[in-house]
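Chain naming here is simple, since letters A, B, ... match the order of the sequence lines and numbering starts at 1 in each. This is a predicted model, so every value here is computed, not measured.
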Amino acid sequence: MYVNDETRTLLKIMKFRAIGLWHGELMHNAATMESYSQLLHEPCDEDEFALRVGRLLLKSLQDGSTLGATLASRLCPEFASIFWAQLSDRLIGQQECDYKNFGIFRSSRATGQIRVAFEPSDVVLRGPFPNPCSPLPRPNCTSTITAVRSWTGKGSMFWIGRILARSRNGGCH
Amino acid sequence: MDWPDFGPFQEWWLPLTITTLLAGALDDVLQTVGASEQVLKLVQERPQVLEHGRDWLSILSMATSYASYYAWANAFGTVLEIGSAIEVDGIGRFHKAQGRIEFEAHTKFQNLLDVNIPLARQFAA
């Protein structure tokens, strides 16, 4: 059960983009702009500020806000730009990019000219998308929205579990 | 009166599908992560873990990243499944035919790789 380098890199870069987008959302959303503005004016260091913003985001979600729905339209172009840029970098450096449970891109010059082949993953080819960490068993999903909801929760839990494990082992990233 | 020009169907259908998936799922995903026993236990028992970049903002942003990944892949499969091609500017064209997903790289993408991948390394691979 693992996430390979290219998939992990993609997720991590997107995480940092998402942090920036969340700051923007909290700053401009009518439900949170006042609280966020207060945080901006409270003296604290960078780490403490991040902790406070995180607590504000969590509290807003627990209070039933729909920040995610408004953020949704900004996530796709960000993700797409990272996805294709990482693919290009990976093909240039390694000639292969295996996005877990999405598919494998390979470049070759077998006939003298550069060719790019794509081998889709079984799940992208045939149906709902499972956790990249554990492709089986396939989920019994009635809709793709349910699939996203179900598998993202599990994927996030997997990631948080890794943080916990590293924390217990004394790691720091 | 003419219809407004939304541009080629292949360019906006995929982003629209992804956005729809995320708009429908992201709040639930984040609330699930924020309310999960595992995370709450983490906060109660090991508050020091919420330091050094492991704050709630990082955790929820990672969940956002995962959600984007799943929405992207799900949307990709869904759009191809209903028979539409996906045209990615500067990369290539994906389409499904006879149960297979075909990919045709754009010349621009091939040229980018051609210039940046040394001949020797490519033949060696």
TODO: Measure across A:Leu61 and B:Gln31 and return the closest heavy-atom pair with its distance rounded to 0.1 Å.
DONE: O-NE2, 3.1 Å
Task: From CG (A:Leu91) to CG (B:Leu112), nearest 0.5 Å - done: 9.5 Å
Open item on the list: Could you report the tightest heavy-atom contact between B:Ser58 and A:Ile19, atom names first, then the distance?
Closed with: OG-CD1, 4.2 Å
- [ ] Sort out for me which of A:Ser73, A:Gly64, A:Cys76 touches chain B most, counting heavy-atom pairs under 4.5 Å.
- [x] A:Cys76
Open item on the list: Could you tell me if the side chain of A:Leu75 sits less than 4.5 Å from the side chain of B:Leu26, heavy atoms only?
Closed with: yes
Task: Smallest separation among heavy atoms of A:Met14 and B:Ser65, with atom names - done: CB-OG, 3.3 Å
- [ ] To the nearest 0.5 angstrom, please state how far the CZ atom of B:Phe103 sits from the CD atom of A:Glu119.
- [x] 14.0 Å
TODO: Check each atom of B:Ala105 against the heavy atoms of chain A and say whether the ones under 4.5 Å are side chain, backbone, both or neither.
DONE: side chain
- [ ] Quick one: sort the A:Trp84 and B:Trp72 rings into parallel, tilted or perpendicular, breaks at 30° and 60°.
- [x] perpendicular
Task: Segment of A:Phe83 engaging chain B (4.5 angstrom heavy-atom cut-off) - done: side chain
Task: Best-contacting candidate, A:Val116, A:Leu10, A:Ile82, against chain B by heavy atom pairs under 4.5 angstrom - done: A:Val116
TODO: Of all the heavy-atom pairs spanning A:Lys12 and B:Met62, show the shortest one and how long it is.
DONE: N-CE, 4.5 Å
TODO: To the nearest 0.5 angstrom, please state how far the OG atom of B:Ser68 sits from the CZ atom of A:Arg17.
DONE: 11.5 Å
Task: Residue pair B:Asp114, A:Arg109: steps toward the side chain to side chain contact (heavy atoms under 4.5 Å, CB included) verdict - done: CA-CA 9 Å; B:Asp114 201 20; A:Arg109 215 193 286 265; 2.4 Å; yes
Task: Per-residue contacts, residues 23-35 of chain A versus chain B, heavy atoms under 4.5 Å - done: A:His23
Task: ring-ring contact (aromatic ring centres under 6.0 Å, His included) involving B:Phe109 - partner list, sequence neighbours excluded - done: none
- [ ] Enter the distance from A:Phe79:CZ to B:Leu22:CG here, rounded to the nearest 0.5 Å.
- [x] 9.5 Å
TODO: Could you check A:Leu58, A:Leu56, A:Leu57 and say which one makes a side-chain contact (heavy atoms from CB on, under 4.5 Å) with B:Leu57?
DONE: A:Leu57
Open item on the list: Using every non-hydrogen atom in the two residues, find where A:Ile114 and B:Leu113 come nearest and quote the distance to one decimal.
Closed with: CG2-CB, 4.1 Å
Task: Under 4.5 Å from any heavy atom of chain A - which part of B:Ile18 - done: side chain
- [ ] Give the cluster check for B:Trp13 versus B:Ile86: same hydrophobic cluster or not, with ILVMFWY residues linked at side-chain heavy-atom distances below 4.5 Å.
- [x] yes
TODO: Quick one: closest heavy-atom pair of A:Trp22 and B:Leu60, and the distance?
DONE: NE1-O, 4.2 Å
Open item on the list: Can you tell me which residue among B:Phe76, B:Tyr69, B:Tyr70 is in a ring pair (Phe, Tyr, Trp, His ring centres under 6.0 Å) with A:Phe102?
Closed with: B:Phe76
TODO: Using the rule that two of Ile, Leu, Val, Met, Phe, Trp, Tyr join whenever any of their side-chain heavy atoms come within less than 4.5 Å, decide whether B:Val88 and A:Ile104 are in one cluster.
DONE: no
Task: More than 12 heavy atoms of other groups within 6.0 Å of B:Asn111 CG - done: yes
- [ ] Check whether A:Ser65 gets within reach of chain B through its side chain, its backbone, both or neither, counting any heavy atom under 4.5 Å.
- [x] backbone
Open item on the list: Counting heavy-atom pairs closer than 4.5 Å to chain B, which one of A:Ser88, A:Ala117, A:Pro77, A:Gly103 comes out on top?
Closed with: A:Ser88
TODO: Measure the CD-CG distance between A:Gln62 and B:Leu30 for me, rounded to the nearest 0.5 Å.
DONE: 11.5 Å
Task: Residue part contacting chain B, namely of A:Leu21, when any heavy atom lies under 4.5 Å - done: neither
Open item on the list: Rounded to the nearest 0.5 Å, what separates atom CG in B:Asp27 from atom OG in A:Ser60?
Closed with: 10.5 Å
